[in-house]
There are 2 protein chains.
Amino acid sequence: MQVETRDEAMTVIQRELTTFARRARAAAARLHPRLSLVSATLLTHVAEHPGCRAADLAAHYLLDKSTISRQVAALERLGLVERRTAEDDHRAQVLHLTPAGAEVLADYVTARRQAFEQRLAGWSEEDLRRFAICLTRYNDGF
Amino acid sequence: MQVETRDEAMTVIQRELTTFARRARAAAARLHPRLSLVSATLLTHVAEHPGCRAADLAAHYLLDKSTISRQVAALERLGLVERRTAEDDHRAQVLHLTPAGAEVLADYVTARRQAFEQRLAGWSEEDLRRFAICLTRYNDGF
DNA sequence: ACCTGATAGGTGTATCGTACAGCCATATGG
DNA sequence: CCATATGGCTGTACGATACACCTATCAGGT
């Protein structure tokens, strides 16, 4: 597949992003049987934004608040996150990882890391940097 | 977020790819209410590989054959694809788009195109080309 | 102080996408 | 000509999700 023109590039980007999206769930399931892609992403976000709220997660992942509510409830039941009423607003719940949650997440990150290391083994540092920048720029567009 | 080292780049790639994957379904739903992401990807694959089989789809998207079977059955019920017994192997069904399927897919592609045009408006041709190449290379790794 | 509307989140319910196990029909190779 | 492999389908169960609606709380205006 040659990528000569702007149009061709656009077409390829669409196709490849879509293919990736469709494969992601299955790939993640293979990666770590104990933690689904969904749980992993929510844990990741909570880890990177301690004290965040359900609404933040919903906004970031474009999900309904009811979905988030259930997912967070499940994570709480598993003892991976902790919900505490916010001091400044008693409607809101602030989220934090529990030690167990941090541990499971660390496991997941390690497994994913290995998979990516393998997957991106042939890439030069410059290639990786470019890819990282492209992706970040793309996602920030939302 | 600076991307200085190989490690940082790898981390960013993982995070951004995951975020993208998690947003994809919702984004696709907004794009075209009549055609889910799933249907669209299957139609796309059939369009690009006329006469392909259910097993090809399963392999390409890392899905169970039962899933594909049902999805294809749904598309057939909607009159978007046609299943015909293969001449060389009477167990297999070869898949083709119907005219209606081609039309719906064209609609979808147009809508997606517009969304991407907007999304990637600020990108130079060179940026797009690089992104396209990165993504293709990444997906081909499977 | 009170209404009023907005906001954070949870529940009821329905649907879709998916996997796994097991089935049948056909094909292929000793 | 049988044994095994392969392509696909069905039964069943579950997870993720949305939409509509509910409750509790907050913030502003009178």
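Naming convention: chains lettered A, B, ... in sequence-line order (proteins, then strands); numbering from 1 in each chain.
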> Think B:R83 has a side-chain N or O under 4.0 angstrom from the OP1 or OP2 of D:dC9?
Replying inline: yes

>> Rounded to whole Å, how long is the line connecting atom CG of B:L37 with atom P of D:dA16?
In response: 17 Å

> Counting side-chain heavy atoms from CB outward, which of C:dG17, D:dA16, C:dA19 is closest to A:A26?
Replying inline: C:dA19

>> Base of D:dT12, side chain of B:R70 - is there a donor-acceptor contact under 3.5 Å?
In response: yes

> What residue pairs, at least two apart or across chains, pass salt bridge (charged side-chain N to carboxylate O under 4.0 Å, His left out) with a residue in residues 56-72 of chain A?
Replying inline: none

>> If only side-chain N and O atoms count, and only distance matters, is there a donor-acceptor pair under 3.5 Å linking B:T11 with A:R113?
In response: yes

> What is the distance, rounded to the nearest whole Å, between atom NZ of A:K65 and atom C1' of D:dT25?
Replying inline: 13 Å

> Rounded to the Å, how far apart are B:Q71 CD and C:dA19 C1'?
Replying inline: 13 Å

>> Could you tell me how far apart B:Y61 (OH) and C:dA19 (P) are, to the nearest whole angstrom?
In response: 14 Å

>> Strictly below 4.0 Å: does B:Q93 bring a side-chain N or O up to OP1 or OP2 of D:dG7?
In response: no

>> From CG of B:L42 over to P of C:dC16, roughly how many Å is that when rounded to an integer?
In response: 15 Å

>> Mind checking if B:D64 touches a base, just sugar-phosphate, or nothing, with heavy atoms under 4.0 Å?
In response: base

>> Nearest whole Å is fine: how far is D:dC26 P from A:R53 CZ?
In response: 11 Å

> Can you find a donor-acceptor pair, distance only, under 3.5 Å between B:S66 side chain and C:dC20 base?
Replying inline: yes

> Taking the side chain of A:V38 as heavy atoms from C-beta outward, which of D:dG7, D:dA18, D:dA16 is closest to it?
Replying inline: D:dA16

>> Tell me whether the side-chain N/O atoms of B:R22 come closer than 4.0 Å to OP1 or OP2 in D:dT17.
In response: yes

> Does B:T67 or B:H90 map to a spot on DNA chain C nearer the 5' end, using the closest nucleotide for each?
Replying inline: B:T67

>> Once you apply a heavy-atom cut-off of 4.0 Å, does B:L63 come out as touching a base, just sugar-phosphate, or nothing?
In response: sugar-phosphate

> C:dC16 phosphate, OP1 or OP2: any side-chain N/O from B:R25 under 4.0 angstrom?
Replying inline: no

